[in-house]
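Notes to accompany the following structure.
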Amino acid sequence: MKARIIALLVLGVSVLYSCQKEEDVKPATNPRFSVAYIQELDSEGVQFAANVFDFGSDEILEYGFVYSSSSLPKVDKDDMVSQTGKPGSTFELKGTHSMKLGQKYWVAAFIKTSKGIVYSKVIDFISKGSLGFLFSEIVAPSSVYFGDTITVKGSGFSKILGNYRATIQGSPAKVLEVSESGFSLVIPEIFSFGEKQAIEGLYDIEISVAGKVLALEYPLNFRQPIFKIDPNQNVNYEDTVKIQGSYLLSEAVQAKYILENGEEYFLPIVDFSESQIRFKPVAKFSDPNPEIHVTVRGKKYIVSNSFRLKAPEVEPNQVFTRRTFDWFTLKGKNFNIHYPEWNSLSFGGLDLNYEIQSVTPTSLTLRTSAGNDQYIPRNIEVYPNNSGQNSVNSIGLTFTDPILPFFNPEGIFREDYGVGGGISMGDYGYFFRVNSVYKFTPSTRKMELVAENNLSEVLLANIFTLKSPNGKIYSGGHADNVFLFQSSPEMFEFDPANNSLSKLPKIPSDVIQPLSVYSTDRYLYYEGGFKITPAEGYVEVNERWRYEFSTKSWEKLASQTGIKDYSLRLKSFWYKGKLYQIGVENREDNVIALQEFDQLQETWTTIVNFSNQSPVESEIIPIIGNEAFLFTPAQVIKINLDTYTESTVKNIGEVSSNLWFSPMQVMGINGKIYSTSNFERVVVELDPAYFKY
């Protein structure tokens with residue numbers, strides 16, 4: 001019985017305790033509040049409001065409104081406007097960012113407690129726009145490069161990544177780590193660089209967040225390229241050149257070579273990357289280690305010693321025998337294949353012109369001509385020369401032109417046109433001009449004024465020029481225009497031993513143009529020809545005169561010349577101690593003949609007649625060895641003075657050399673014939689060894 005009472009007591013106590021617990025402990029409750037409603041909607045944003053019915057049982061940490069272009073806005077992923085702490089029975093907040101004009105949004109009121117987030121029902125609205133974010137600063141590393149990140153700071157930014165659009169220099173930039181206080185931008189991999197970016201370091205950045213756009217210029221310190229120098233990079237013109245380094249990425253790169261005269265060559269870019277730029281050496285380089293002007297990201301850099309151009313080279317033992325202006329092809333390697341005219345040639349210090357016709361990696365086709373100094377030697381060595389480097393080997397070139405430019409005399413010689421002959425005296429020659437005598441030294445290509453005519457008003461040598469066996473040179477002249485100003489001839493003696501010029505006693509004759517003038521060691525003969533009278537004009541004369549050197553006196557000979565053609569001029573020369581002249585047979589057809597002078601009888605005897613019927617133009621007949629060369633208006637004829645055979649030179653006047661000469665002034669010196677050119681500007685050399693018959 002006692003045990004039963006105890007059991008009931010315990011049960012009663014238990015029931016009593018249980019009833020007490022249900023009374024003291026209340027269940028946890030969430031806040032209850034109304035759906036968000038729109039108080040005001042304008043271009044600055046939306047005024048949201050909500051009524052709180054029950055604050056619930058948990059601590060309230062934050063309250064506000066979350067809105068989104070999706071129908072289920074959530075705090076963790078969408079934009080919102082909020083405040084911390086516990087609201088009153090009614091709370092209002094205005095959303096002023098991340099809403100585009102005219103777009104439909106859904107909004108929910110929310111209260112965040114210590115246990116979680118409670119949302120109201122969702123309503124929708126059409127936005128009239130919003131004030132958007134407020135920008136404060138951009139934070140960038142001290143130096144940046146493609147792919148680096150910069151941070152944009154401010155307030156009122158959207159938390160929705162899809163609301164962002166950003167560009168740098170017009171190129172899309174990736175947006176990262178968005179929050180209400182800012183976000184990060186990744187610098188695009190490639191974008192354009194202009195002068196402002198290259199020089200001033202200012203970059204156009206544009207940010208668009210939920211319809212609000214911010215455009216600004218901002219300074220970024222872009223990394224400079226680092227160029228790696230490779231002095232062992234030796235290239236041919238057909239190769240591709242590499243410039244290696246780091247930080248070389250760019251939307252476009254440019255490489256060019258600039259000559260000292262400012263001429264620019266843009267080098268074709270093959271490709272480029274982060275670590276190298278490749279281009280073709282398409283330029284007329286003057287330096288084997290050229291400086292290359294490289295433009296990367298709009299900024300210019302000079303890169304030196306990044307490569308070395310190989311010298312051109314020709315195959316050894318190449319010899320060519322050609323006329324000037326004839327094309328020839330030399331074999332070798334590493335010629336400038338990009339443009340023929342960019343290949344250079346060196347002629348051992350000589351100034352010659354040349355023209356490149358075509359080029360391949362292993363051949364060069366060219367031709368040569370006289371340069372500024374108007375001088376082409378018979379034999380030359382030709383070196384291809386590119387980038388300032390000669391080929392080790394050269395090619396031998398022998399010109400077969402019968403006439404080559406030999407010397408370009410300067411000064412008054414060029415202006416003092418030639419009206420006299422050219423006389424050779426041993427290793428020298430003497431050109432008689434209007435009123436001057438010039439000494440010509442072929443071995444040194446030298447022309448010097450040695451005498452001037454200050455003795456008379458007449459010209460020095462427009463009648464004749466003649467070398468005498470006595471070692472002197474004689475000339476005769478009359479007034480420049482004898483037809484208007486009647487003047488009898490005057491004659492001069494030039495002594496090469498002392499360069500003295502003197503006037504002979506005046507001849508007692510008015511024969512202006514003699515038929516023949518010749519000399520022995522005792523006399524100077526002057527005969528035939530014509531005179532001019534006001535009444536009759538041209539009048540033929542047949543008188544003969546001689547001047548005795550010892551007595552310095554003139555004497556008229558009793559004999560007369562029988563030649564009737566006063567338009568002829570007969571030319572004399574000495575050979576093996578005898579005096580000859582190219583004369584005419586005393587016949588109506590005036591056959592050209594070789595005549596020998598009898599000093600005792602003072603008469604001419606015909607030795608042989610020639611087929612040539614043209615008069616000799618040259619004042620002097622050059623003698624080379626045993627051959628005399630007759631320069632007529634139409635051709636050059638060689639006479640063998642031992643066999644009296646004649647040959648016509650066929651290759652003088654060929655178009656090949658574009659050179660011609662003045663046949664009036666020719667002289668033979670040491671196996672060559674020298675003359676002034678037609679334009680009186682240069683002295684040319686005629687080499688009988690290259691005459692063709």
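The basis for the numbers below is simple: all heavy atoms, side chains too, and nothing from hydrogens, waters or symmetry mates.
Of the N and O atoms on the side chains of Glu291 and Tyr257, not one donor lies less than 3.5 Å from an acceptor on the other residue. Looking at Glu490 and Ser456, their side chains do bring a donor and an acceptor atom within 3.5 Å of each other. A donor and an acceptor atom, one from each side chain of Asp642 and Tyr575, are located under 3.5 Å apart. In this structure, a donor-acceptor pair under 3.5 Å is absent between the side chains of Tyr383 and Glu381. A donor atom on one side chain and an acceptor atom on the other are not found under 3.5 Å apart for Asp495 and Ser500. Side-chain atoms of Ser516 and Gln581 include a donor-acceptor pair closer than 3.5 Å. In this model, no donor atom of one side chain and acceptor atom of the other lie less than 3.5 Å apart for Glu619 and Thr465. Counted by atom type alone, Ser509 and Glu543 present one or more donor-acceptor pairs between their side chains at under 3.5 Å. Side-chain atoms of Gln665 and Ser675 form no donor-acceptor pair, as typed in the model, at a separation below 3.5 Å. Side-chain polar atoms of Thr603 and Asp598 form no donor-acceptor pair below 3.5 angstrom. With 3.5 Å as the limit, one finds no donor-acceptor pair spanning the side chains of Ser468 and Tyr523. Defined by atom type and a distance below 3.5 Å, a donor-acceptor pair is missing between the side-chain atoms of Thr632 and Ser614. Between the side chains of Asn336 and Asn386, no donor-acceptor pair of N or O atoms lies under 3.5 Å.
Residue Lys571 holds its NZ atom at 11.0 Å from CG of Leu466, rounded to the nearest 0.5 Å. In this structure, the separation between NZ on Lys472 and CG on Leu524 is 12.0 Å, given to the nearest 0.5 Å. Note that CZ of Arg322 and OG1 of Thr398 are 11.0 Å apart. Values are rounded to the nearest 0.5 Å. Atom NZ in Lys446 sits 8.0 Å away from atom NZ in Lys439 (nearest 0.5 Å). One finds the OG atom of Ser502 at 13.5 Å from the CE atom of Met491 (value rounded to the nearest 0.5 Å). Atom OG of Ser647 and atom NZ of Lys638 lie 5.0 Å apart (nearest 0.5 Å).
Between Glu313 and Lys333, no side-chain nitrogen of the basic residue sits less than 4.0 Å from a carboxylate oxygen of the acidic one, so the salt-bridge criterion is not met. Under 4.0 Å is where a charged nitrogen must lie from a carboxylate oxygen, and between Glu315 and Lys331 no such pair does.
With a 6.0 Å cutoff to the six-membered ring centre and a 45° limit on the axis angle, Lys503 does not count as a cation-pi contact of Phe492. Under a cutoff of 6.0 Å and an axis angle of 45°, Arg445 and Phe406 form a cation-pi pair. Note that Lys467 lies outside the cation-pi zone of Tyr474, set by a 6.0 Å cut-off to the ring centre and a 45° limit from the axis.
Note: Tyr525 and Phe597 meet the aromatic proximity criterion, with ring centroids under 6.0 Å apart. Proximity of the aromatic rings of Phe691 and Phe629 is defined here by a centroid distance below 6.0 angstrom, and this criterion is met. Here Tyr237 and Trp342 keep their ring centres 6.0 angstrom or further from each other.
Note: Tyr547 and Trp554 have tilted aromatic rings, judged against thresholds of 30 and 60 degrees for the angle between ring planes. Using bins of under 30°, 30° to 60° and over 60° for the plane-to-plane angle, the ring pair Trp604/Tyr518 lands in the perpendicular bin.
Judged by distance alone, with hydrogens and angles left aside, the side-chain atoms of Asn390 form no donor-acceptor pair with the main-chain N or O of Asn385 at under 3.5 Å. Remark: side-chain polar atoms of Arg569 are not paired, donor with acceptor, to backbone N or O of Ser618 under 3.5 angstrom. Judged by distance alone, the side chain of Trp574 and the main-chain N or O of Ser519 form a donor-acceptor pair under 3.5 Å. Within the 3.5 Å criterion, the main-chain N or O of Val314 finds a donor-acceptor partner in the side chain of Asn393. Put simply, the side chain of Arg367 never gets that close to the backbone of Trp327: no donor and acceptor are under 3.5 Å apart.
The nearest pair of heavy atoms linking Ile639 to Leu630 is CG1-CD1, 3.9 Å. Annotation for Val282 and Tyr265: closest pair O-CB, 4.0 Å, computed over non-hydrogen atoms.
Heavy-atom neighbours of Glu264 CD from other residues, nucleotides or ligands within 6.0 Å: above the threshold of 12. Residue Phe610 qualifies as enclosed at atom CZ: its count of foreign heavy atoms under 6.0 Å is above 12. The environment of Glu457 atom CD is sparse: at most 12 non-hydrogen atoms of other residues, nucleotides or ligands sit within 6.0 angstrom. Counting heavy atoms of neighbouring residues, nucleotides and ligands inside a 6.0 Å radius, atom CG of Asn498 exceeds 12 of them. Within a 6.0 Å sphere centred on CZ of Phe320, heavy atoms belonging to other residues, nucleotides or ligands number more than 12.
Phe573 is listed as a side-chain neighbour of Leu641, based on a closest heavy-atom distance under 4.5 Å. Here the side chains of Tyr354 and Ser369 are not in contact, with every heavy-atom distance at 4.5 Å or above. In this structure the side chain of Phe494 reaches within 4.5 angstrom of the side chain of Tyr430, judged on heavy atoms. Pro489 has its side chain out of reach of Val511: every pair of non-hydrogen atoms, C-beta onward, lies at least 4.5 Å apart. Counting heavy atoms from C-beta on, the side chains of Met667 and Phe431 come closer than 4.5 Å. Using a 4.5 Å heavy-atom cutoff, the side chains of Phe407 and Phe440 are in contact. At least one side-chain heavy atom of Leu501 sits under 4.5 Å from a side-chain heavy atom of Leu460. Looking at heavy atoms from C-beta onward, Asp427 lies out of side-chain contact with Thr441 at the 4.5 angstrom threshold.
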- Item | Residues Arg546, Glu527; criterion salt bridge (Lys or Arg N to Asp or Glu O under 4.0 Å); working and verdict | CA-CA 8 Å; Arg546 74 180 184 189; Glu527 64 178 66; over 6 Å; no
